[in-house]
Participant: 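Mind looking over this structure? Questions follow.
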There are 2 protein chains.
Amino acid sequence: MQRTLSDISYSAEEIDLAAIAKALSHPVRIRILRLLAGETCCFTGELTGLIPMAQSTISQHLKALKEAGLIQGEIDPPKVKYCIDREKWAKSRALFAEFLKLDGRVGCC
Amino acid sequence: MQRTLSDISYSAEEIDLAAIAKALSHPVRIRILRLLAGETCCFTGELTGLIPMAQSTISQHLKALKEAGLIQGEIDPPKVKYCIDREKWAKSRALFAEFLKLDGRVGCC
DNA sequence: TTAGTTCATCGTAAATATACGATTGAGATG
DNA sequence: CATCTCAATCGTATATTTACGATGAACTAA
């Protein structure tokens, strides 16, 4: 990670896909998304109860998911309600589906 | 990244999904997969021609993709042929599709 | 006002990731 | 055999990630 990344010009799709993938690249974040996307909406408080990790760590993962646009936070004092961002969620589904549709021809391998 | 990750027990699906996502979490790897999954199979040599990065760096990314199971390397001296692993590819597609199908109920948000 | 909750942020330590150039090793070619 | 090419690996520097405890800010409740 020195200089080059900027030399290569990536398409918006490549950048988006990589960013979303990065957000999904830790099992605890998958778990969190599962919990949020599941039954009902959750509060962070419930998450700290469900996941044996320091509250600050969970908050950090939530922040990462929020920055990736995958979830939204709604303040509902004294708690903060987190929900998945359904729009981004759908966009992600489309992006991954399209990307993983590419199916190396039978060709040479 | 101290001790805990091992304290939490993740499902195989969560771990798989995170691992695949991690492999996809860098735009250059998306690019590489695109190239490999696209028209024909490629050789690493062609990749170094197509991507303005040091050969060693590309090799490192290829290794990451290989370890994630997303691509296969075939020795075809004096070159090494890389192709996407169609089985893993299909499995990944299914995993992501299933995961991203979860769609937060209309509920509270 | 004074506590008590709840969550974000700070500071920090350790692990991983990312990039490079240099080197090595395997096989082809002269 | 000597050499060339291609790709992997090594060594290294720097950046980022991940986790924790401690602290801070905002609101509630007594």
Side-chain angles (χ1 to χ4, degrees), chain A residues 1-8 10 14-15 18-32 35-36 41-68 70-83, chain B residues 1-8 10 14-15 18-32 35-36 41-68 70-83:
Chain A
M1 191 169 292
Q2 255 141 304
R3 24 197 174 295
T4 14
L5 258 180
S6 40
D7 300 356
I8 306 182
Y10 298 104
E14 284 167 335
I15 292 172
I20 298 167
K22 190 169 196 173
L24 300 180
S25 72
H26 193 294
V28 114
R29 290 199 289 268
I30 299 285
R31 171 73 59 92
I32 290 173
L35 290 168
L36 293 182
C41 283
C42 294
F43 297 99
T44 308
E46 302 177 37
L47 288 179
T48 60
L50 293 171
I51 299 172
M53 268 184 167
Q55 177 264 325
S56 58
T57 305
I58 293 176
S59 186
Q60 217 172 299
H61 284 297
L62 285 169
K63 187 181 177 187
L65 290 171
K66 206 155 122 187
E67 279 172 357
L70 287 167
I71 64 176
Q72 293 175 309
E74 244 177 64
I75 295 175
D76 180 15
K79 301 194 175 184
V80 175
K81 191 194 302 193
Y82 276 112
C83 310
Chain B
M1 192 169 291
Q2 256 141 304
R3 25 198 174 294
T4 15
L5 257 182
S6 39
D7 300 355
I8 307 182
Y10 298 104
E14 284 167 335
I15 291 172
I20 297 167
K22 190 171 196 170
L24 300 179
S25 73
H26 193 294
V28 114
R29 291 201 287 268
I30 299 284
R31 171 74 58 92
I32 290 173
L35 290 167
L36 292 182
C41 283
C42 294
F43 296 100
T44 306
E46 302 179 37
L47 287 178
T48 59
L50 294 171
I51 300 173
M53 267 185 170
Q55 177 265 324
S56 58
T57 304
I58 293 175
S59 187
Q60 216 172 304
H61 284 298
L62 286 169
K63 187 181 177 188
L65 290 171
K66 207 155 121 187
E67 280 172 355
L70 287 167
I71 64 176
Q72 292 175 310
E74 244 177 63
I75 293 176
D76 180 15
K79 300 196 177 182
V80 174
K81 190 195 301 191
Y82 277 112
C83 310

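Reminder, nothing fancy here: chain letters follow the sequence lines and each chain counts from 1. The shown structure was predicted, so the numbers you read here are calculated from the model rather than taken from an experiment.
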Participant: Tell me, please, which residues at least two apart from A:A68 pass side chain to side chain contact (heavy atoms under 4.5 Å, CB included).
Facilitator: A:A23, A:L70
Participant: Please tell me which of the listed nucleotides, C:dT9, D:dT18, D:dC20, lies nearest to the side chain of A:T57?
Facilitator: D:dC20
Participant: Would you kindly compare A:K63 and B:H61 by the position of their nearest DNA chain C nucleotide and give the one closer to the 5′ end?
Facilitator: A:K63
Participant: Nearest of C:dA22, C:dA8, C:dC20 to any side-chain atom of A:Q55?
Facilitator: C:dA8
Participant: According to side chain to side chain contact (heavy atoms under 4.5 Å, CB included), who are the partners of A:Q60, at least two apart in sequence or on a separate chain?
Facilitator: none
Participant: From CD1 of B:I58 over to C1' of C:dT18, roughly how many Å is that when rounded to an integer?
Facilitator: 13 Å
Participant: Between C:dC20, C:dC7, D:dT9, which one does the side chain of B:S59 approach most closely?
Facilitator: D:dT9
Participant: Expressed in angstrom and rounded to an integer, what is the separation of B:L62 atom CG from C:dA19 atom C1'?
Facilitator: 15 Å
Participant: Angle, rounded to 10°, between the helical axes spanning five pairs at each terminus of the helix from C:dT1-D:dA30 to C:dG30-D:dC1?
Facilitator: 10°
Participant: When you check the phosphate oxygens OP1 and OP2 of C:dA17, does a side-chain N or O of B:K22 lie under 4.0 Å from one of them?
Facilitator: yes
Participant: Just checking A:K66: base, sugar-phosphate only, or nothing, at a heavy-atom cut-off of under 4.0 Å?
Facilitator: nothing
Participant: Side chain of B:A54 only, heavy atoms from C-beta on: which candidate in C:dC20, D:dC20, C:dA8 is closest?
Facilitator: C:dC20
Participant: Would you mind reading off the distance between B:H26 atom NE2 and D:dA15 atom P, rounded to a whole angstrom?
Facilitator: 15 Å
Participant: Starting at atom CG of B:L47, determine the distance to atom C1' of D:dT5, rounded to an integer number of angstrom.
Facilitator: 17 Å
Participant: Apply side chain to side chain contact (heavy atoms under 4.5 Å, CB included) to A:A64 and list each qualifying residue two or more places apart in sequence or on a separate chain.
Facilitator: A:R29
Participant: Nearest of D:dA8, D:dC20, C:dG21 to any side-chain atom of A:S56?
Facilitator: D:dC20
Participant: To the side chain of A:Q60, which of C:dA17, C:dA8, D:dC20 is closest?
Facilitator: D:dC20
Participant: Looking at the side chain of A:M53, which of D:dT18, C:dT18, D:dA19 is the nearest nucleotide?
Facilitator: D:dA19
Participant: From B:Q72 CD over to B:K81 NZ, what is the distance, rounded to the nearest 0.5 angstrom?
Facilitator: 11.0 Å
Participant: Please give, in whole Å, the distance from C:dT16 C1' to B:R29 CZ?
Facilitator: 12 Å
Participant: Mind checking side chain to side chain contact (heavy atoms under 4.5 Å, CB included) for B:K66 and listing every partner two or more places apart, or none if nothing turns up?
Facilitator: B:I71, B:Y82
Participant: Does a side-chain N or O from B:Y82 land closer than 4.0 Å to OP1 or OP2 of D:dC6, or not?
Facilitator: no
Participant: Which whole-number value in Å describes the distance from A:E67 CD to D:dT16 C1'?
Facilitator: 13 Å
